[in-house]
Protein chains: 2
Amino acid sequence: MTTEHAGSGNVHRSMELLWDLCERPSRGPKPGLTLETIVTAAVEIADAEGLEALSMRRVATHLGVGTMSLYRYIPGKSELLDLMLDHVLEMPDGVPDMSHLGWREFLERTAREQWQLCMSHPWYPFVDQARPLLGPNGLETVEYVFRHLRPMGLSDQEMAVVITSLSNFVESTARVYINEKQAEERTGISNDEFWAAQAPALDEAMKSGQFPVMADLAGDTWGFTSETVFEFGLQRFLDGLESFLARRSSADHEH
Amino acid sequence: MTTEHAGSGNVHRSMELLWDLCERPSRGPKPGLTLETIVTAAVEIADAEGLEALSMRRVATHLGVGTMSLYRYIPGKSELLDLMLDHVLEMPDGVPDMSHLGWREFLERTAREQWQLCMSHPWYPFVDQARPLLGPNGLETVEYVFRHLRPMGLSDQEMAVVITSLSNFVESTARVYINEKQAEERTGISNDEFWAAQAPALDEAMKSGQFPVMADLAGDTWGFTSETVFEFGLQRFLDGLESFLARRSSADHEH
DNA sequence: CCCATTTTGCGTACAACGCACGCAATAAAT
DNA sequence: ATTTATTGCGTGCGTTGTACGCAAAATGGG
């Protein structure tokens, strides 16, 4: 129905699971599942069918177990989501060495990596992470970003604001891109059919004389994709950041 | 559960309702509701309780009618959403005259208006508008934005990309802001309690030596809100746009 | 070796969701 | 007066997360 929220469940319990702080009990039947198996299955289902298709029943069916068996390993769906979010940040090849890059190239690289993360896991940008849980992968990611931005000369808070601004833009544009791509599959109506369905009413509106600028717009006005928006917005933001740093630098030299 | 999508229902029917293209039938009992009443009620409920609380049953209860009575006026919930989205774009005081503003002041003003729209209707930035239906209010908004940006000298498509880039950033930052504000109410846990719950695991991680930069971050690194991010990102984008136009202008003079 | 305890597996049942179906009442057209 | 069309709306469908509680498996202690 609406947004899934990170950090909505039992935060303490989620952290225990994220950082693997629980000891295996010695009694009872040997478990047939692992937490890793459940999280991996959940990510696969979300990747393939979308977050709205992800249900405890769906994960259980995928794994060939009863729905309530999952609740032996995790308190609930909220905590499963927390684990999924950290899981997808894992860097299989380890942390790449980018110490040779300037801040601009590094931020551009980071933005593209985030974009790729959203392409690989199209549900990811739709999760509310206002209250993020910091697992090992998430912490590693933030560590590596801050390490590479240190040479910019910004305060820690300024760096955090830069990262958050850029991250917000990338995530939003990725969301629109994903929504655009999935709209045809989800509705069964092509993009052309969609706009054709609006044409009768819009033609009348254009003829009314109330919207002269709209009526006069070039045919290719909307003929771009979110990838165009991503590239344009990214370069404008980085250009603006260069101006900001240049002004900061010349102000420093004045003292 | 997940995102609500504009343009998901019967597009043709939504357009008829948006542009009021249906004639009132002459037979049968006089209707006790109007489309306007239903849409206004739905917007009020979404404003007060969030989009996840918006259901046909909820709207019907609010209006004191049976759930299925609503289906006499609109095909379904998807079309109701389309009407809501156009409804909230209505400018009560008409289109403001901003012909005296330069493009930068105008874009800044537009960004702030969009921010305010998201504050007044906190559910708005959470709706997928990859397939927007253009109603009278929506069309009027786009008409007025393009009219004021014409003097920038950009192509129609370039203007559209600028507007979309900025709009994506504002919406995304507004989402985070709204999620941040609502998190405490939604979970019953304050922000301090939330971070305190993570502290034991994070303290261990800091002690491990694996995250030296994170361990060394200033205490106020994350002590900012989405309003800070909004202001910073907005100015950087507009600065970047100025550079873009300056380069465009100097390239033009070279020919 | 036996019993108690703990853990794993998982079925049942709960309320709310959107909306197809179809009936009763209202009101205009013939 | 009858027919036709519209409005109002109850019923019933499958899906959702998870509390509750029982059966089976496996270990610890006596």
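Per chain, numbering begins at 1; letters A, B, ... match sequence-line order.
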Discussion item. For the backbone of R57(A) and the side chain of T61(A), can you confirm whether one donor and one acceptor N or O come within less than 3.5 Å of each other?
Written reply: yes

Discussion item. Any side-chain to backbone donor/acceptor pair from Q114(A) onto S167(A)? Under 3.5 Å, distance only.
Written reply: yes

Discussion item. Restricting to side-chain hydrogen bond (donor to acceptor under 3.5 Å, both in side chains), what partner residues turn up for T110(A), sequence neighbours left out?
Written reply: none

Worksheet entry | By side-chain hydrogen bond (donor to acceptor under 3.5 Å, both in side chains) - contacts of R58(B) (at least two apart) | E49(B)

Worksheet item: What pairs meet the side-chain hydrogen bond (donor to acceptor under 3.5 Å, both in side chains) rule with one or both residues in residues 187-201 of chain A, with sequence neighbours excluded?
Response: T187(A)-R131(B), S190(A)-E193(A), N191(A)-R131(B)

Item to complete: Encode nucleotides 1-11 of chain C as B, S and - characters from 5' to 3', where the letter depends on protein heavy atoms closer than 4.0 Å: B to the base, S only to sugar-phosphate, - to neither.
Response: ----BBBBBBB

Please report the distance, rounded to the nearest Å, between [atom1] in [X] and [atom2] in [N].
X: I74(B); N: dT7(D); atom1: CD1; atom2: C1'; result: 15 Å
X: R57(A); N: dC14(C); atom1: CZ; atom2: P; result: 14 Å
X: M56(B); N: dC13(D); atom1: CE; atom2: C1'; result: 17 Å
X: Y71(A); N: dT18(D); atom1: OH; atom2: P; result: 4 Å
X: K77(B); N: dG18(C); atom1: NZ; atom2: P; result: 5 Å
X: I45(B); N: dA16(C); atom1: CD1; atom2: P; result: 16 Å
X: E52(A); N: dG17(D); atom1: CD; atom2: C1'; result: 17 Å

Worksheet entry | ring-ring contact (aromatic ring centres under 6.0 Å, His included) partners of residues 24-76 of chain B, not counting sequence neighbours, each pair once | none

Side-chain donor-acceptor pairs of residues 133-144 of chain B under 3.5 Å, sequence neighbours excluded:
from    : atom 1 : to      : atom 2 : distance (Å)
N137(B) : ND2    : D86(B)  : O      : 3.1
N137(B) : ND2    : D86(B)  : OD2    : 3.2
T141(B) : OG1    : N137(B) : O      : 3.0
E143(B) : OE1    : V213(A) : N      : 3.2
E143(B) : OE1    : M214(A) : N      : 2.8
E143(B) : OE2    : V213(A) : N      : 3.0
Y144(B) : OH     : E113(B) : OE1    : 3.2

Discussion item. So, using ring pair (Phe, Tyr, Trp, His ring centres under 6.0 Å) as the criterion, who are the partners of Y177(A) when residues are at least two apart?
Written reply: W115(A)

Worksheet item: What salt bridge (charged side-chain N to carboxylate O under 4.0 Å, His left out) pairs are there with at least one residue in residues 64-74 of chain B, not counting sequence neighbours?
Response: none

Worksheet item: Taking only residues at least two apart or on different chains, which pairs with a member in residues 17-31 of chain A satisfy salt bridge (charged side-chain N to carboxylate O under 4.0 Å, His left out)?
Response: none

Worksheet item: For the helix from dC1(C)-dG30(D) to dT30(C)-dA1(D), what angle lies between the axis at the first five pairs and the axis at the last five pairs, to 10 degrees?
Response: 20°

Worksheet item: Does any residue of residues 10-21 of chain A have a heavy atom under 4.0 Å from DNA chain C, and if so, which ones, in number order?
Response: none

Side-chain donor/acceptor pairs under 3.5 Å, residues 35-45 of chain B, sequence neighbours excluded:
from   : atom 1 : to     : atom 2 : distance (Å)
T37(B) : OG1    : T34(B) : OG1    : 2.5
T40(B) : OG1    : E36(B) : O      : 2.7

